Amino acid sequence: MPEFLDTRIEYLKGIGPQKAALLNTELGIFTYADLLEYYPFRHEDRSRIYKISEIREDMPYIQVSGRLSTFKIIGTGFKKRLTATIEDGSGRLELVWFQGINWVVKKLVPGAEYIAFGKPTAYGHQFNIAHPEMDILSEASAQRGLVPVYPLTEKIKTKSIDSKAISKAIQLLLPQASPHIKETLSDEVLEKYKLLRRKDAIQFIHFPPRLQELDKAIARLKFEELFFIQLKLLKQMGNRKEAARGQIFKGSDRLTEFYKSHLPFDLTNAQKKVIKEIYQDLCSGKQMNRLLQGDVGSGKTIVAFLCMLIGTDHEAQSCIMAPTEILAQQHFTTISAWAELAGIRAVLLTGSTKKAARKPILEDLAEGKIDIIIGTHALLEDPVVFKNLGLCVIDEQHRFGVAQRAKLWMKNSRFAPHILVMTATPIPRTLAMTLYGDLDVSVIDELPVGRKPIQTVHQYDKDILKVYGFMRKQVQEGRQVYVVFPLIEESEKIDLKNLSDGFDSIENAFQEYSVSMVHGRLKNENKDYEMQRFIKNETQIMVATTVIEVGVNVPNASVMVIFNAERFGLSQLHQLRGRVGRGADQSYCILMTDFKLSADARKRIDTMCSTNNGFEIADVDLSLRGPGDMAGTMQSGLPDLKLANLAQDSVILTHARQTAQDILTEDSDLSLPKNRPMKDVLIKKHVEGFTWSKIS
Ligand code: ADP
Ligand code: MG
């Protein structure tokens, strides 16, 4: 039997096929359920009618009620406007219209009693309301209390469906629909967090008697939204752990040997802790799926290497996949040196590996003569066959998609390889829980000792000579300097001009030194050549676009100057800054901007100047940009959230995840009767049946 809430919207009284078509295409409302779940984005407080004499400056939207005077048209042309007054015995308030004058005159009746709603502005000693919303007093009773305001598209507004029309439709539907609104959470959960029942929450999010009920309704629905995402993620994780056997890498002589004789530095406690966590996974007999979070420069690479080393003692091969060629190259440089010390073989394979070189690599890989292969997406291609792939390390900026991760799994048909995902920059906890909620998480929350925090300052463009002076002093002391210009695709031409002008003026100012320039338009060979010159200190200043963001590791570079810093996102600025501070010297980051800055840009600059902590920066980034636009989440399959906000709702999210975890620990298949409502939701979400996907 079709459910009542699945009834198509055109069957609702007063909607009809034409309006229904608009609601379909413009607002995505097809069924009764869709309409009920079309939530208002705010409420107007119509619970109180103010006396005109009570109006003060800086009041929000208010309403007054009284008798409308006759209209006056004032001015002509541009300045033409319509005025009237409304009078309530306590005083008189002016009403003004600049547009739609004819329509207003036709519709409103002088002498009648109205409720006028709007935001009062001071006008001399008087107040007025421009373009007030006017309701005949007797009809206005329906608009009392907290009145919902719904998001609308421009198109639907012109077709005379306004917020009031939507509210009316919902009001009409609610009494019939209410008995059909099923509870989705168990009584236990409702009680534990004192949540409203779903039926009441839906009622109150549209028509709350008071603000309290509105808040509770929103909290309940946010919880539900986040809870089901977490339940699904955790269930997937549980399923996978049950199903996917992993190779057991217990004990490692090579690790012990490397640790004793070749470790280039003492590991930080955080690195040791994380290696232990990973090692436990590698011994567990289950496939590992772990996210490794750590700030720029926290030393994720050595952790990855040591884990791969463990695998080699058990005849397993490993791979590292990086998002760019430059990064893959850099990993290769670092790791192949360590690999040599350990007596194992590491190779590089990217899109630009020549055919002739590729063939022997693929052969050796298939025969198990290569222990570690480092590369880009090229590793995913079909001809890349392993003898026994045991561990995949994914060093990423963008989350690899489901299909791509699955491709890695397929490269070992007997045992799913262990997976270690490393983030390029930290992401906030709430985002990690949602985006990587099906992975176990390890965090390196400590930087290697002895590193001096980078000093960051903000300078205006007009002080460029001062900045040059500072750069010169550093270069004279033997240091090297990065200078970064933005490169944003829409205005690539202007940016390139900016870059080459910048290059010219720096070359001019630093004639006694050599200056390199690198940007995305350069051929790879030329880019590499310039990079190498800088690495060898043949050039002292590197002028570049963000191609160096994840690129070279030059410990001697101590200054990062970023022009048009306002045009960069926070995580990008943090990544760029991470290019310096890698040696023993005090390092500096100078953010250059024009005088004029938007509030957001100022906040970003201030944040950069006040902290070096990538996790703090990520939190600010999330609150400024919202989760969808954050670096690292693009094309990531972040779920669409209707109500919840990952920047603000971390408490609800934590509860939701904990609750989901507790439920699955007790009842992993949701087979207990009390958990039935939740199981039903999940079944409904994946219509193909109760098929939980095995691969996340
Ligand atoms: P990220 O986490 O950003 O990938 P890297 O692994 O590139 O960081 O490490 C940054 C730098 O710090 C490298 O030069 C690395 O050799 C060095 N490093 C890593 N761990 C330590 C440590 N425990 N002590 C000293 N230096 C370290
Ligand atoms: Mg790294």
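This one's a predicted model, so the numbers in the text were calculated from it and none came from an experiment. Scope of the values below: all heavy atoms of this structure, side chains included, with no hydrogens, waters or symmetry mates. Order of appearance sets the numbers: ligands from 1, and atoms from 1 within every ligand.
Ranking protein heavy atoms by distance to atom 4 (O) of ligand 1, first place goes to Thr301 OG1, 3.6 Å. Looking only at heavy atoms of the protein, atom 26 (N) of ligand 1 is closest to Phe265 CD2, 3.6 Å. For atom 20 (N) of ligand 1, the closest non-hydrogen atom on the protein side is Gln271 NE2, 3.0 Å. For atom 14 (O) of ligand 1, the nearest non-hydrogen atom of the protein is Asn553 ND2, 3.7 Å. From the protein, the heavy atom lying nearest to atom 3 (O) of ligand 1 is Gly297 N, 2.6 Å.
Each of the following atoms of ligand 1 lies closer than 4.0 Å to a heavy atom of Asp266: 22 (C), 23 (N), 24 (N). Interface atoms of ligand 1 facing Thr268, defined by a heavy-atom separation under 4.0 Å, are 23 (N). Within the listing of ligand 1, atoms 3 (O) sit less than 4.0 angstrom from a heavy atom of Val296.
The residue from Gln293, Arg451, Lys272 that puts a heavy atom closest to atom 11 (C) of ligand 1 is Arg451. Compare Gly450, Gly581, Pro448, Pro264 by their heavy atoms: the one nearest to atom 24 (N) of ligand 1 is in Pro448. Between atom 9 (O) of ligand 1 and the options Gly299, Ser298, Gly294, Ala270, the minimum heavy-atom separation is to Gly299.
Taking 4.0 Å as the cut-off between side-chain N and carboxylate O, Arg345 and Asp371 do not count as a salt-bridged pair.
With a 4.0 Å heavy-atom cut-off, ligand 1 is reached by the backbone of Leu267 but not by any atom from C-beta on. Within the 4.0 Å heavy-atom criterion, neither part of Ile444 lies near ligand 1. Of the heavy atoms in Met422, none comes closer than 4.0 Å to ligand 1. Only backbone heavy atoms of Asp295 (N, CA, C or O) come within less than 4.0 Å of ligand 1; its side chain stays farther off.
Using a 4.0 Å heavy-atom cutoff, Val303 is absent from the residues neighbouring ligand 1.
Met308 and Cys319 make their closest contact through SD-O, 4.4 Å (heavy atoms, listed as atom of the first residue, atom of the second, distance). Taking all atoms of both residues into account, the shortest heavy-atom contact from Pro428 to Asp619 is CB-OD1, 3.3 Å. Closest approach of Phe615 and Asn613 over heavy atoms only: N-OD1, 2.7 Å.
With Leu573 as reference, Leu591 is the one residue of Ile617, Leu591, Val484 to meet the side chain to side chain contact (heavy atoms under 4.5 Å, CB included) rule. A side chain to side chain donor-acceptor pair (under 3.5 Å) with Ser516 is found for one member of Glu530, Gln540, Glu538 and no other, namely Glu530.
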Test side-chain hydrogen bond (donor to acceptor under 3.5 Å, both in side chains) applied to Arg429 and Thr654, step by step: CA-CA 10 Å; Arg429 217 170 56 90; Thr654 309; 3.3 Å; yes
Please step through side-chain hydrogen bond (donor to acceptor under 3.5 Å, both in side chains) for the pair Glu616 and Thr611, ending with a clear verdict.
CA-CA 8 Å; Glu616 277 175 34; Thr611 180; 3.1 Å; yes
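Taking only nitrogen or oxygen atoms, main chain and side chain alike, Lys300 reaches within less than 3.5 Å of ligand 1.
Taking the ring centroids of Phe249 and His418, they lie under the 6.0 Å cut-off.
Side chain of Gln280 to backbone of Glu277: no donor-acceptor contact under 3.5 angstrom is found.
Ring pair Trp338/Phe305 is tilted by interplanar angle, where 30° to 60° counts as tilted.
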